Amino acid sequence: MRYEFEKIEKKWQSYWEEQDLYAVDDSGDNRYYTLEMFPYPSGKLHMGHVRNYSIGDVVSRFKRMNGSDVLHPMGWDAFGLPAENAAIKHKTHPNEWTWNNIESMREQLKRLGISYDWNREVASCHPDYYKWNQWLFLLLYKNGLAYKKRSQVNWCPSCTTVLANEQVISGECERCGSAVAKKDLEQWFFKITDYAQRLLDDLEKLEGWPDKVKLMQKNWIGRSEGASIDFSVEGLEQDIRVFTTRPDTVFGATFMCLAPEHPMCRDIVKGTGREEEFDAFLDGIKKMSELERTSNELVKEGVFLGRYAINPANGKRLPVYAANYILYEYGTGAIMGVPAHDQRDYEFATKYNLDIIEVVRPVAGEEAPEGQAYDGPGTMVNSGIYDGLDYTEAIERIVTDLERKGRGNREIKYRLRDWLISRQRYWGTPIPIVYCPDCGEVPVPEEDLPVILPIDIALTGMGDSPLAMSEEFVNTICPLCGKPARRETDTMDTFVCSSWYFLRFTDPKNTKAPFDRKKADAWMPVDQYIGGVEHAILHLMYARFFTKVLSDLGLCSCDEPFKNLLTQGMVLKDGAKMSKSKGNVVSPEDIIEKYGADTARLFILFAAPPERDLEWSDQGVEGCYRFLNRIWRLVEESTHVVANAGKIDSGHLNEEDREMLYVINRTVKKVTEDIKERFNFNTAISAVMEMVNALYQYKEDPGATPAVLKEGLTKLIVLMAPFAPHITEELWEMIGEAGSVHLQRWPSYKEEHLIRDSVTVVVQVNGKVRSRIQVHPGMKKEEMAQLALEDERVRAHTDGGTVKKVIVVPDKLINVVLGG
RNA sequence: GCCGAAGUGGUGGAAUUGGCAGACGCGCUGGACUCAAAAUCCAGUGAGGCUCAAACCUCGUGUGGGUUCAAGUCCCACCUUCGGCACCA
């Protein structure tokens, strides 16, 4: 009988669905929550999805077989820009396009045989879901964590529309090619910066996260300790406040710089006759991207604003500039220029002929190279009463003195910025705010939620936010006074949807609340979260922030959402990420069609460890298909032998039996450890391949015992079940076992079968392998050394030299070191 | 530019704690079966040297240095490729 994967996969998928095999309720006491990042429904599953879900499925099935009640849900991150683009391009509607995609992707997932509890499916574009997005927005709003402020967006003057960063291609609009400008808009923000310190501190709790992800998050938060210092400006009421991590260098300040966008620039330049020059400079700045602005290659440029500030430390007059290398978003958007001790300031000062005054003297030999600023430790000079102090001491004293004078204070700044959540887009969650001419900004009352996203909207990609054009949507009445009012027409960033979906999965059908606290507490935190490393910062940071807010407000107990995190690598073809434009896409559908889901899953797990990028290989897929066929034949050819096999009689085992049992037990151990401790599915599968090779040999051996063969085959099928769930069900039935293989207990191994009579020890002379000897395990070091020195091959290399020492690693290696 | 990774045969990768580099798979070569092919099975396969052959020897984990009895693994410098950079998700 041939391995007919089409029939087998269909058969067992129906069986699982009839039995509702992967449904889980909340009553178990051994709960385990596996979660893969829910996909954007782009239309078709790609290999990255297959990889993500295959990894999650192995973990889920493995945990289930080890006795856990596994929650393994799936849903759709269904709002976003591609739906609008598709709607414009194909004259369809985002709603229709998205739901069609969900429909077909769900079918594809089912054909992959992933063990989801489909009863818990959610889609973020459904009012049942986004209602709670709005509810949570209001919760944050009421708690002072959502606010509006002006912020810049990319603006295409020809399409008169806001552009996403992605739609800006080297400074031009992707649709019409016009130069993209910056435009100020009132935008909604979430106050993630309130949580900066906790997001930083709690990284330490996340023992199950990769260090690299924690490090990236830490750098993203970017905590720096320092001081704010106020500089007064001649002829102006208002002070310039700067932030510096090096207040010890305040005596070395020779100029000041503000970000050109800083509102004070205009006040300072006013009446100095330099307004035009400044305006021209600001225009130029607005055309630059942030990447260009922060580049070290950036030529430091600025304009003098015509006034002088006073250094509060020594009373010196400092010229005030607007400069391109100062970012309005970071710190206070203004700096004191200390060219001797900051490279960027040094370059600026050199260009504009400003003084360079050394105030921190390094120890001899540590000086900066010619033409560079010195930013290391040292002793204070040219700093009045602070001369001679170590710079750390100077930081303390200078800040204390500034505080006393009311000219500054200690401060901690973060690079992390508040989360801009409003989008001038259609396909997203409407922000539930109403603007009333009398009452102002009014939140939509809870009982009026959801604010439904209207479906009858035409998209053009031009002009204002599409919602602003719908009179029916915009015009409403004020919830407070009942007079005519207008709705907020911005929608929410889709990251809002993905910042709490893992909580919704614990209680997906709740109509009274986003989720029930008891249910959330039962399942959270997610035990194993799996997704692409490209989400290492934004999504994971936002999800952590949301969970902390919800925890603080008493909606759930956990304040970190993901206990363990696995970041998977990308799927490449010919060394590049699969993409339509490169024409190197391999469709999962085609592979399933040709070889079956089990082969597709097996290959993607076998080809590379999950954290690494994976190179797609059609021939590698063939290899995995061959391997499944090999297992199929092995079991099929053995059914008659196994049918009458009794129990293993441990008193009557021959050498072949003992060797076979050793391989079986070694494999069980290896596969268990590779899945549980390292997620190294590739080596787990290799180990099973070796076992299959051994079983083939054993089967042909005249000394083979049916009971041992049966032991090998049942272990083989059960070990393969998480990787290839369909074929293993069929084989399980074929060898006469009852019930689903996925309900079997994960096998254990017996130590007694792992004990060997002798082990091979490598003997090196001066670090080069010269011989091998057989020893009993656990032999004493001295005895091993003696054996090695007596070895003929070793003596051929030691003759004529004197043995300096012998290094012995028990049961493994001996290194004879010759002197001379 | 900044932050974070990765680099091992013809190829995907293995080597888990500093201890035999190349497990397992693919490809390739030779053979068996076959009228023939496919499928399957068996054997070989890092490079070079020596040899009828075996044995044996040398080199070898991006590059250059270093630490160590011993380095793919640790340290320093560099090169290349990839991911993220806040409105793609």
Side-chain angles (χ1 to χ4, degrees), chain A residues 37-40 42 77 79-82 85 153-154 162-168 187 192 210-213 215-220 222 290-298 329 416-425 493-495 497-498 532-539 541-542 567 569-570 572 575-577 603 606-609 611-624 626-627 629-630 633 673-674 677-678 680 682-683 685-690 693 696 760-770 772 793 796 804-807 809 812-818:
Chain A
M37 291 178 182
F38 67 163
Y40 178 78
S42 54
D77 189 9
F79 276 136
L81 189 60
N85 288 338
V153 292
N154 299 311
V162 172
L163 298 177
N165 286 344
E166 195 195 42
Q167 298 173 301
V168 181
Q187 306 249 52
I192 192 173
D211 287 338
K212 62 170 178 180
V213 174
L215 190 56
M216 279 191 264
Q217 292 223 343
K218 184 183 169 204
N219 292 336
W220 188 259
E290 180 150 337
L291 225 69
E292 290 174 282
R293 286 282 293 278
T294 52
S295 163
N296 273 11
E297 308 282 279
L298 176 82
E329 286 81 16
L416 182 70
R417 308 201 293 253
D418 274 339
W419 174 11
L420 196 169
I421 62 137
S422 46
R423 300 286 182 268
Q424 293 68 48
R425 297 276 174 66
D493 180 4
T494 58
F495 273 124
C497 308
S498 56
V533 69
E534 65 272 18
H535 297 287
I537 296 177
L538 293 179
H539 162 59
M541 187 79 77
Y542 294 146
T567 51
M570 288 183 311
L572 311 177
K577 189 175 177 172
F603 169 74
F606 177 64
E611 302 230 335
R612 287 253 292 257
D613 286 349
L614 180 153
E615 178 70 32
W616 183 267
S617 151
D618 290 332
Q619 284 168 334
V621 179
E622 296 252 11
C624 287
R626 275 209 286 269
F627 174 58
N629 274 288
R630 219 167 126 71
R633 286 195 305 271
E673 288 173 357
D674 277 353
E677 281 153 36
R678 309 198 300 153
N680 279 14
N682 55 332
T683 50
I685 294 165
S686 299
V688 177
M689 286 174 171
E690 287 179 84
N693 293 342
Y696 262 103
T760 305
V761 168
V762 169
V763 186
Q764 301 179 329
V765 178
N766 282 343
K768 291 201 166 91
V769 181
R770 299 300 183 188
R772 280 155 224 277
R793 288 177 224 237
K804 202 161 99 187
K805 60 176 161 178
V806 181
I807 284 152
V809 183
K812 244 185 193 165
L813 172 139
I814 299 161
N815 189 9
V816 179
V817 185
L818 301 181

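Every chain is numbered from 1, with letters handed out A, B, ... down the list of sequences. Only a predicted model underlies this, so the values are computations on that prediction, with no experimental measurement involved.
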Does U16(B) have a Watson-Crick or wobble mate here (both distances under 3.5 Å), and if so which one?
-> none
Say you pick atom C1' in G22(B) and the same atom in C59(B); how far apart are they, in whole Å?
-> 15 Å
Taking atom C1' of A6(B) as reference, at what distance in whole Å does atom CG of L614(A) sit?
-> 14 Å
Span that lies between the P atom of G31(B) and that of A37(B), in whole angstrom | 12 Å
Which whole-number value in Å describes the distance from D618(A) CG to G12(B) P?
-> 15 Å
With rounding to whole Å, what would you report as the distance between A21(B) and U73(B) at their C1' atoms?
-> 11 Å
Using the side-chain contact (heavy atoms from CB on, under 4.5 Å) rule, take M541(A) and Q217(A) through it: C-alpha gap first, then chi angles, then the decisive distance, then the call.
-> CA-CA 7 Å; M541(A) 187 79 77; Q217(A) 292 223 343; 3.7 Å; yes
When rounded to the nearest Å, what value does the distance between C1' atoms of C33(B) and A43(B) take?
-> 15 Å
Would G64(B) be called syn or anti, given that syn covers angles within 90° of 0?
-> anti
Using a cut-off of strictly less than 4.0 Å, decide whether R626(A) has a side-chain nitrogen or oxygen near OP1 or OP2 of C26(B).
-> yes
Starting at CD1 of I807(A) and ending at C1' of C69(B), how long is that distance when rounded to a whole Å?
-> 4 Å
Tell me: CG of L81(A) to P of A89(B), nearest whole Å?
-> 6 Å
If we take the C1' atom in both U58(B) and G62(B), what is their distance in whole Å?
-> 23 Å
Hunt down the Watson-Crick or G-U wobble partner of C26(B), both distances under 3.5 Å, from any strand shown, or write none.
-> G10(B)
When we call it a touch if two heavy atoms are under 4.0 Å apart, what does A536(A) touch: a base, just sugar-phosphate, or nothing?
-> nothing
Say you pick atom C1' in U45(B) and the same atom in C35(B); how far apart are they, in whole Å?
-> 32 Å
R793(A) vs A55(B): side-chain N/O to OP1/OP2 distance below 4.0 Å = no
Pairwise C1' distance, C3(B) and G9(B) [rounded to whole Å] = 34 Å
Go ahead and name the base partner of C50(B); Watson-Crick or wobble counts if both distances stay under 3.5 Å, otherwise write none.
-> none
Check the distance between G83(B)'s P and D613(A)'s CG and give it to me in whole angstrom.
-> 8 Å
Does G64(B) have a Watson-Crick or wobble mate here (both distances under 3.5 Å), and if so which one?
-> C76(B)
5'-most by nearest nucleotide on RNA chain B - E622(A) or W419(A) | E622(A)
Using atom CG of N680(A) as one end and atom C1' of A14(B) as the other, report the distance to the nearest whole Å.
-> 10 Å
Nucleotide forming a Watson-Crick or wobble pair with C41(B), both distances under 3.5 Å = G31(B)
Below 4.0 Å: OP1/OP2 of A39(B) and any side-chain N or O of R633(A) | no
Whom does A55(B) pair with, Watson-Crick or G-U wobble, provided both distances fall under 3.5 Å?
-> none
When you compare C75(B) with G19(B), how far apart are their P atoms, in angstrom units rounded to a whole number?
-> 15 Å
Complementary nucleotide of C85(B), counting Watson-Crick and G-U pairs under 3.5 Å | G1(B)
For C20(B), does OP1 or OP2 lie under 4.0 Å from any side-chain N or O of N815(A)?
-> no
Y40(A) side-chain proximity, nearest of A89(B), G19(B), U58(B) = A89(B)
Hey, which of these two, L215(A) or K577(A), hits RNA chain B nearer its 5' end, going by closest nucleotide?
-> L215(A)
Between atom CZ in F603(A) and atom P in C26(B), what is the gap in whole Å?
-> 12 Å
Length of the CZ-P vector between F495(A) and A86(B), whole Å = 11 Å
Flag yes if more than 12 heavy atoms outside K218(A) fall under 6.0 Å of its NZ atom; otherwise flag no.
-> no
What is the base-pairing partner of A36(B), counting Watson-Crick and G-U wobble geometry with both distances under 3.5 Å?
-> none
Can you find an N or O donor on one side and an acceptor on the other, under 3.5 Å apart, linking the side chain of Q424(A) with the base of C87(B)?
-> yes
Could a donor-acceptor pair under 3.5 angstrom be found where the side chain of N219(A) meets the base of C3(B)?
-> no
